[in-house]
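All remarks here apply to the structure that follows.
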Amino acid sequence: MTSTLLKPIKVIIVEDYKLTRTGLKCALNNYEEIEVTGEFETAEDALKNIERNRPDVVIMDLGLPFMNGLEATIKIVENFNKKENGNNIKVIILTSHDREEEVIASLGAGATGYCMKDIDPDALIEVIKQVNDGACFLDPNISKTALKLFPRPENTQLVYKQETKDDKGHLTDREQEVLRLLVKGKSNTEIASELIVSVHTAKAHVCSILQKLCVDDRVQAAVKAIKEGLVEDS
């Protein structure tokens, strides 16, 4: 009997340029961990397939005809990732666009990965596996752009006092370490390995961070950490 842990990650590709779409499919099909279950020129066709087949990960271009990738991401998150039905489809933006507003809009729409199209195939596979495992990922160059976009508070001492007055958002030293790794897009397994703790302990720290920061998921925690200067720019 094959363990469910060995099942390939089901991926669909949404890209309007046929040459790019075909090349990406061929590259991903070289990896046993990935199963490309569909490729689509438009978001509309992709959404119909998602409703029927429920992939694990959607690789989404932004500059699509008709409905763009940002709109499609919002629909995926709103329509297919509702807690009551247990679905959790991840969206990775794969694009040549690197403008600040597009990065932030994509994260706000619910994407958990943002990669540039010049990414190496081996690196993309790692991103897919990390995102499927619950991590968020930003292209390193984009991460620096996003970090610069959010100004740090002028009076950090005042912000600290406000947060600790009712103990909301006050993280322990260990939780700050975990948050720093979350911003870097690390999965629970990678966090556990780096901090030399169990995966269960890493998950517990992540849950505590989400609660203290009053956010719903890892991406929101990472964005808030960047916006409010909760981690050092490394």
Side-chain angles (χ1 to χ4, degrees), residues 7-81 87-143 145-146 185 187 217 219 222-223:
K7 287 184 177 179
I9 301 169
K10 295 190 296 183
V11 174
I12 70 167
I13 301 165
V14 191
E15 164 63 57
D16 57 326
Y17 284 101
K18 184 175 182 179
L19 183 61
T20 303
R21 191 170 66 248
T22 303
L24 182 57
K25 178 181 178 181
C26 290
L28 295 182
N29 278 337
N30 287 326
Y31 297 83
E32 294 182 354
E33 308 99 309
I34 306 297
E35 179 187 358
V36 178
T37 59
E39 50 170 308
F40 304 94
E41 183 177 353
T42 68
E44 289 84 352
D45 288 340
L47 289 172
K48 293 176 184 177
N49 178 270
I50 290 172
E51 187 170 8
R52 293 192 305 267
N53 299 320
R54 304 299 169 100
D56 299 309
V57 176
V58 178
I59 298 180
M60 180 80 69
D61 187 23
L62 283 180
L64 298 169
F66 312 114
M67 182 189 298
N68 63 42
L70 188 60
E71 294 171 307
T73 298
I74 292 173
K75 286 187 176 295
I76 291 171
V77 172
E78 290 183 347
N79 296 338
F80 305 117
N81 285 4
N87 296 314
N88 194 13
I89 301 169
K90 310 299 196 306
V91 179
I92 298 173
I93 301 297
L94 184 64
T95 181
S96 57
H97 299 195
D98 61 356
R99 293 188 302 173
E100 294 171 348
E101 55 267 32
E102 290 170 316
V103 177
I104 301 306
S106 297
L107 295 177
T112 49
Y114 197 105
C115 301
M116 303 305 294
K117 284 186 175 179
D118 61 357
I119 188 171
D120 182 83
D122 288 339
L124 180 58
I125 293 299
E126 289 304 313
V127 172
I128 292 172
K129 291 193 292 186
Q130 289 178 21
V131 166
N132 185 63
D133 190 37
C136 59
F137 178 86
L138 291 178
D139 185 282
N141 294 325
I142 298 299
S143 298
T145 299
S187 66
D217 55 44
V219 174
V223 171

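These numbers come from the heavy atoms of this one structure, side chains and all, not from hydrogens, waters or symmetry mates. All residue numbers refer to positions in the sequence shown, counting from 1. Quick caveat, the model's predicted, so the values are computed rather than measured.
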_If you compare all heavy atoms of Ile89 against all heavy atoms of Phe80, which two are closest, and at what distance to 0.1 Å?_
CD1-CB, 3.7 Å
*First locate atom CD of Glu78, then atom CD1 of Ile76, and finally report the distance between them rounded to the nearest 0.5 Å.*
11.0 Å
_Counterpart residues, side chain to side chain contact (heavy atoms under 4.5 Å, CB included), relative to Asn132 (two or more places apart)_ = Ile9, Asp56, Val57
*Taking C-beta and beyond as the side chain, do Ile92 and Cys115 meet within less than 4.5 Å on heavy atoms?*
yes
*asked:* Under the salt bridge (charged side-chain N to carboxylate O under 4.0 Å, His left out) definition, can you give me all pairs with a residue in residues 64-76, not counting sequence neighbours?
replied: none
*Say you draw a straight line from NZ of Lys90 to SG of Cys136; how long is it, rounded to the nearest 0.5 Å?*
11.5 Å
*From Phe137 CZ over to Glu126 CD, what is the distance, rounded to the nearest 0.5 angstrom?*
10.5 Å
*Just jot down the salt bridge (charged side-chain N to carboxylate O under 4.0 Å, His left out) partners of Glu41, sequence neighbours excluded, or say none.*
none
*asked:* Test of understanding: with salt bridge (charged side-chain N to carboxylate O under 4.0 Å, His left out), list the residues that count as partners of Glu44, not counting sequence neighbours.
replied: none
*asked:* Taking the side chain as everything from C-beta on, heavy atoms only, tell me whether Ile12 gets closer than 4.5 Å to Phe40.
replied: yes
*asked:* Testing the basics here: between Ala72 and Leu47, what is the closest heavy-atom pair and its distance to 0.1 Å?
replied: O-CD2, 4.2 Å
*For Glu35, enumerate each residue passing the salt bridge (charged side-chain N to carboxylate O under 4.0 Å, His left out) test, keeping only those at least two apart in sequence or located in another chain.*
none
*Can you name the nearest heavy-atom pair linking Val131 to Gly113, along with the distance?*
CG2-CA, 4.5 Å
_side-chain hydrogen bond (donor to acceptor under 3.5 Å, both in side chains) involving Thr42 - partner list, sequence neighbours excluded_ = Asp45
*Of all residues at least two apart in sequence or in a different chain, which pass the side-chain hydrogen bond (donor to acceptor under 3.5 Å, both in side chains) check with Lys25?*
Glu39
*Might you point out which heavy atoms bring Tyr114 and Ser106 nearest each other, and give the distance in Å?*
CE1-OG, 3.4 Å
*Return the set of residues passing side chain to side chain contact (heavy atoms under 4.5 Å, CB included) with Leu28 (not counting sequence neighbours), or none when no residue passes.*
Val11, Ile13, Leu24, Ile34, Val36, Ile59, Leu124, Ile125, Ile128
*Could you give the distance from NZ (Lys48) to CG (Asn53), rounded to the nearest 0.5 Å?*
14.0 Å
*With rounding to the nearest 0.5 Å, note down the distance linking CG in Leu70 to CD1 in Ile93.*
7.0 Å
*Among pairs that include at least one residue of residues 111-125, which meet salt bridge (charged side-chain N to carboxylate O under 4.0 Å, His left out), considering only residues two or more places apart or in two chains?*
Glu15-Lys117, Asp61-Lys117
